[in-house]
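Working notes, structure below.
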Amino acid sequence: MRYAETGFDLEIDLSRGSIERVESDPKLTQLHLGGLGINAKILWDRVPAEAEAFDEDNLLIFGAGLLCGTAAPGCNRTIVSTFSPQTRLMAYSMMGGFWAPELKYAGYDRVIIRGRSPELAYLWIHNDKVEIRDASHLRGKGAIETAECIRRELKQPEAQVAAIGLAGENRVFYASIEQGRSSASRGGIGAVMGDKGLKAIAVRGTKDINIARPAEFMALCDQIWKYIKFREEHPIQNVIPIIAGLGSPQEMKLFDEKWHTTNFMWGNSRTRRKDFWNEEVEKSWKEMQESVRTRLISCYNCSLKCGATITVPGIPTYMMKCYSKLTYTMAAYSDLEFGFKIAQRATEYGVDGFSAPQVMAFALELHEAGILTDADFPGMPADVEGRFFWLLDRIVRREGIGDALADGVYWAARKIGKGAEAFDHNTIKKHEQLPLKLGMLNPVYYLMYSTGEKMNITQIEGQFPQEPFRTREEREDFVSDWIQVPHEKFKRYLLDWEPRGEKSNPHYPTIEASCDIVDWQEKMHYLDDALGVCAGLSSFPLKPPYHIHNFPAFISSATGLQMDEAAVWQAATRNRTLLRAINVRRGMRRADDKPPEDHWKKRFPDLEAKLLDGYYKMKGWNSQGIPTKASLHELGMDDVAEDLEQRGIIGNGQS
Amino acid sequence: MAKVKKTIKGLTIDADKCNGCRACEVICSAFHAAPRYSSINPARSRIRIVRDPLKDIYIPVQAGEYTASECTGRNKYIVDGKEYDECDFCRASCPSRDLFKEPDSGLPLKCDMCEDDPPLEKPKCVEWCLNDALIYAVREEEVDEAEVSPGDVEIGVESLIDKYGLKQVLDTLARRSKA
């Protein structure tokens with residue numbers, strides 16, 4: 001018997017209409033844990049390096065994390081992996097909600113989809129019964145609407161449904177996959193689903209997930225709840241409210257948006273409005289939010305309330321994730337009411353809440369600059385809110401200028417030309433980033449932005465504070481119960497880090513310390529993404545309940561595999577290295593590892609080069625950011641080394 | 001009539017506080033697994049959240065009595081502008097729905113308030129509900145000592161005779177009284 005996992009994958013070939021239930025190799029669990037790790041291994045083994053996102057050879061994998069479906073609090077993440085039409089590299093986007101545990105209860109750890117359905121279809125997984133069903137009646141329907149229709153027609157109110165909207169059907173490069181209160185949005189995975197002719201996957205399961213050492217495992221779960229309770233009662237001191245608690249930033253619960261609205265940029269990541277937030281704004285935004293927010297809600301088996309049900313009079317109810325309440329508002333220089341209204345339509349269309357508003361702000365900038373003219377926007381309203389709705393409608397249908405814009409800022413700028421490229425100032429590896437423009441280079445963030453395979457800072461950054469505390473006293477207070485650090489040296493890094501002077505950015509944390517900090521942050525994300533643990537209880541917030549010291553016991557008691565800290569750390573290293581190898585095989589090199597040019601005003605090219613060198617060296621990669629044969633051997637990935645060698649990417653003195 | 005003291009264990013369910021996470025279902029199915037905590041499966045849980053997120057319906061319901069036949073209840077309730085089915089509040093394990101049945105055998109499930117030896121401080125679902133939507137409530141009540149009047153028996157027997165005929169009832173009574 002397999003514990004924590006089911007031991008079975010569903011292999012769906014949409015071209016042939018075939019469905020297979022295949023037993024998975026338990027060795028893979030030991031090596032890669034599950035979730036992102038095994039998804040990556042499958043992509044490496046089975047998708048040719050030359051395959052593009054919209055080739056039939058490309059796979060779309062819905063993987064449940066290793067601990068999903070167990071009682072471990074907040075383990076509910078579905079990890080969707082494929083190759084991105086936008087970055088042309090590996091895309092992995094995650095969603096919380098209820099889908100992954102349901103898949104496990106149906107008896108599967110992942111669904112692997114290949115080929116392309118001749119007609120629009122959806123997949124219905126009900127324990128051992130799996131069907132590819134006609135979805136022609138769902139064409140053009142919103143993602144949430146689709147889920148409701150499917151639940152009704154199957155008479156399965158408890159089925160969990162992941163669906164695409166119009167954006168995915170029309171292969172918008174930043175189309176999302178929506179699932180009730182959650183979505184997997186980044187990297188255009190919804191476009192790949194649309195290209196495969198798959199409108200939705202509905203799942204319902206009523207089988208057991210078994211635990212290897214039940215009493216031990218349950219005691220660990222109880223400790224997590226206890227710590228969550230403790231952290232709710234003891235928010236972190238000396239930090240802004242939005243990051244003092246657990247979970248993703250509590251955007252639905254809190255009203256104080258001073259930090260986001262005055263530190264993040266408005267428009268196409270263009271303007272900082274330092275005086276935006278005042279009492280009047282606070283009062284009206286609070287009233288607005290309270291008037292539309294029906295209930296604070298969570299994902300599966302989690303006591304937090306990171307999301308909310310939103311009902312704006314006159315438009316259908318939807319559920320909102322944290323930060324998208326501000327992305328449209330700020331991109332349009334508008335207000336919260338507009339944000340709540342357009343987010344509803346964007347959710348039904350299924351677009352990424354980071355990329356979509358930025359693309360629209362970019363289009364309006366090009367219009368203002370005369371690069372695009374009135375002829376490109378026939379019938380566009382005069383008010384900015386109307387313009388955003390107008391643009392969104394055209395983008396998801398790929399109509400007129402919407403067709404170019406549907407490829408995202410990077411590709412649209414190149415298609416439009418006439419100097420539009422200069423307005424593409426906030427992408428990394430062709431992918432839109434958070435609207436942040438700052439002063440002094442932060443060495444830790446420089447490395448995370450440059451090298452992260454996710455290309456999305458919130459999924460790389462984490463529990464090391466983003467800025468130094470003002471006083472030594474505050475620092476000492478912070479480290480006094482900092483049990484999550486993998487090593488005592490991290491406390492020293494924080495204690496010595498000053499807001500100004502010698503021990504401040506960009507030269508402190510030192511190169512070595514910066515590499516250590518980044519390594520810790522990203523490893524925790526790699527573990528979460530393999531186990532299905534929500535980052536909001538682990539890698540993302542300050543002082544989370546899950547950490548490297550309790551993960552080994554969780555994994556061991558749930559699965560029966562004996563893994564100590566070193567083994568768990570090595571699995572995270574292996575997964576991180578494999579993702580790098582996948583992207584390297586597709587041509588990614590050092591030149592691609594860079595933040596947007598204007599992310600910081602004060603840049604330090606020599607220091608930055610040394611930071612990258614230090615990071616690559618620590619990872620066991622060569623100066624081009626390519627894993628070396630020796631480091632791959634150490635991780636038991638000789639097959640990867642051999643493949644890279646055969647292609648001439650490593651070897652012959654290159655590493 | 002004689003009064004007796006009776007301890008009544010129950011839950012106060014504050015549905016407004018429910019965030020829909022289903023932790024109660026997780027821990028219930030784990031606690032009642034054999035060996036204890038060895039498996040998780042919300043379909044086996046004796047507490048379920050009847051949820052319809054877009055309609056803002058979240059009702060934690062504990063499994064109650066088994067019933068062999070459906071009731072006539074097909075009423076709709078509108079409370080605070082939200083429309084509920086009568087079944088949304090019902091605790092029965094009944095043929096009209098999948099709730100509160102072992103998924104493999106179809107046998108009915110019933111909440112036992114996590115009876116254990118030694119007794120738990122409170123049922124596990126309450127312990128795992130950090131949002132206090134489920135609150136454990138023990139109260140003592142003085143109740144009339146149950147007394148059955150001959151008249152009640154008469155009515156019962158009459159309806160049995162109506163249904164099965166006198167002979168069938170007599171045969172059954174004769175068999176039972178021998179045992």
Side-chain angles (χ1 to χ4, degrees), chain A residues 3-4 69-76 98 101-102 104-105 127 144-145 147-148 151 156-158 180-181 204-219 221-222 225-226 228-229 232 294-309 311 316-319, chain B residues 15-45 48-58 80-82 85 87-88 96-99 101-106 109 124-134:
Chain A
Y3 296 99
T70 73
C75 290
N76 49 44
F98 296 79
E102 201 69 36
K104 297 280 281 274
Y105 300 135
N127 294 329
I144 307 303
E145 204 185 350
E148 291 294 298
R151 271 191 282 263
Q156 290 283 344
E158 294 194 83
R181 68 158 308 295
R204 171 79 183 124
T206 59
K207 298 190 193 183
D208 296 347
I209 288 296
N210 297 303
I211 302 298
R213 299 200 297 273
E216 186 186 334
F217 182 74
M218 201 52 74
C221 297
D222 282 330
W225 290 127
K226 221 169 123 186
I228 289 175
K229 234 173 166 172
E232 296 275 285
T294 328
R295 184 184 295 253
L296 290 168
I297 53 173
S298 77
C299 298
Y300 184 72
N301 197 21
C302 178
S303 62
L304 299 178
K305 297 168 177 173
C306 304
T309 315
T311 307
T317 298
Y318 68 107
M319 289 173 268
Chain B
D16 287 343
K17 285 189 181 156
C18 178
N19 71 344
C21 79
R22 302 170 61 193
C24 50
E25 300 179 7
V26 172
I27 189 62
C28 177
S29 73
F31 183 80
H32 291 96
R36 184 165 288 178
Y37 302 134
S38 63
S39 67
I40 321 288
N41 181 359
R44 286 190 207 282
S45 173
R48 298 300 307 274
I49 300 178
V50 173
R51 47 200 295 284
D52 192 341
L54 292 177
K55 292 186 186 150
D56 194 45
I57 287 175
Y58 294 84
D80 281 345
K82 289 185 269 183
D85 276 332
C87 301
D88 292 349
S96 68
R97 59 181 186 181
D98 289 338
L99 230 52
K101 284 174 199 153
E102 281 283 357
D104 309 327
S105 61
L109 296 162
K124 295 304 279 188
C125 59
V126 174
E127 190 187 318
W128 274 46
C129 182
L130 265 51
N131 288 303
D132 294 333
L134 306 176

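The basis for the numbers below is simple: all heavy atoms, side chains too, and nothing from hydrogens, waters or symmetry mates. Below, chains carry the letters A, B, ... as their sequence lines are ordered, and counting in each starts from 1.
- Contact check on B/R44 versus A/D208 returns a salt bridge, with a Lys/Arg side-chain nitrogen under 4.0 Å from an Asp/Glu carboxylate oxygen.
- For B/R97, no part lies near chain A; criterion is any non-hydrogen pair under 4.5 Å.
- In this structure, the portion of A/K207 lying under 4.5 Å from any heavy atom of chain B is its backbone and not its side chain.
- Both the backbone and the side chain of A/T206 come within less than 4.5 Å of a heavy atom in chain B.
- Between the side chains of B/S38 and A/N210, no donor N or O sits under 3.5 Å from an acceptor N or O.
- Between the side chains of B/W128 and A/D222, at least one donor N or O lies within less than 3.5 Å of an accepting N or O.
- Proximity of a side-chain donor or acceptor of A/N76 to a complementary backbone N or O of A/Y300 within less than 3.5 Å is detected.
- The contact between B/L54 and chain A is made by backbone and side chain atoms together, counting heavy-atom distances below 4.5 Å.
- Using a 4.5 Å cut-off between heavy atoms, A/F217 does not touch chain B at all.
- Remark: B/R22 is not positioned above the aromatic ring of A/F98, lacking an NZ or CZ atom under 6.0 angstrom from the ring centre and at most 45 degrees off the axis.
- Residue A/E216 does not touch chain B at all, counting heavy-atom pairs closer than 4.5 Å.
- For B/C129, no part sits under 4.5 Å from any heavy atom of chain A, backbone or side chain.
- Contact annotation for B/E127: only side-chain heavy atoms (C-beta onward) come within less than 4.5 Å of a heavy atom of chain A.
- Here the side chains of A/I209 and B/S39 are not in contact, with every heavy-atom distance at 4.5 Å or above.
- Contact of A/Y105 with chain B is made through the side chain alone, with heavy-atom distances under 4.5 Å.
- In this structure, the side chain of A/R181 does not engage the main chain of A/T309 through any donor-acceptor pair within 3.5 Å.
- Looking at B/D56, the atoms closer than 4.5 Å to chain A (heavy atoms on both sides) sit in the backbone and in the side chain alike.
- Heavy atoms of A/I297 lying under 4.5 Å from chain B belong to its backbone as well as its side chain.
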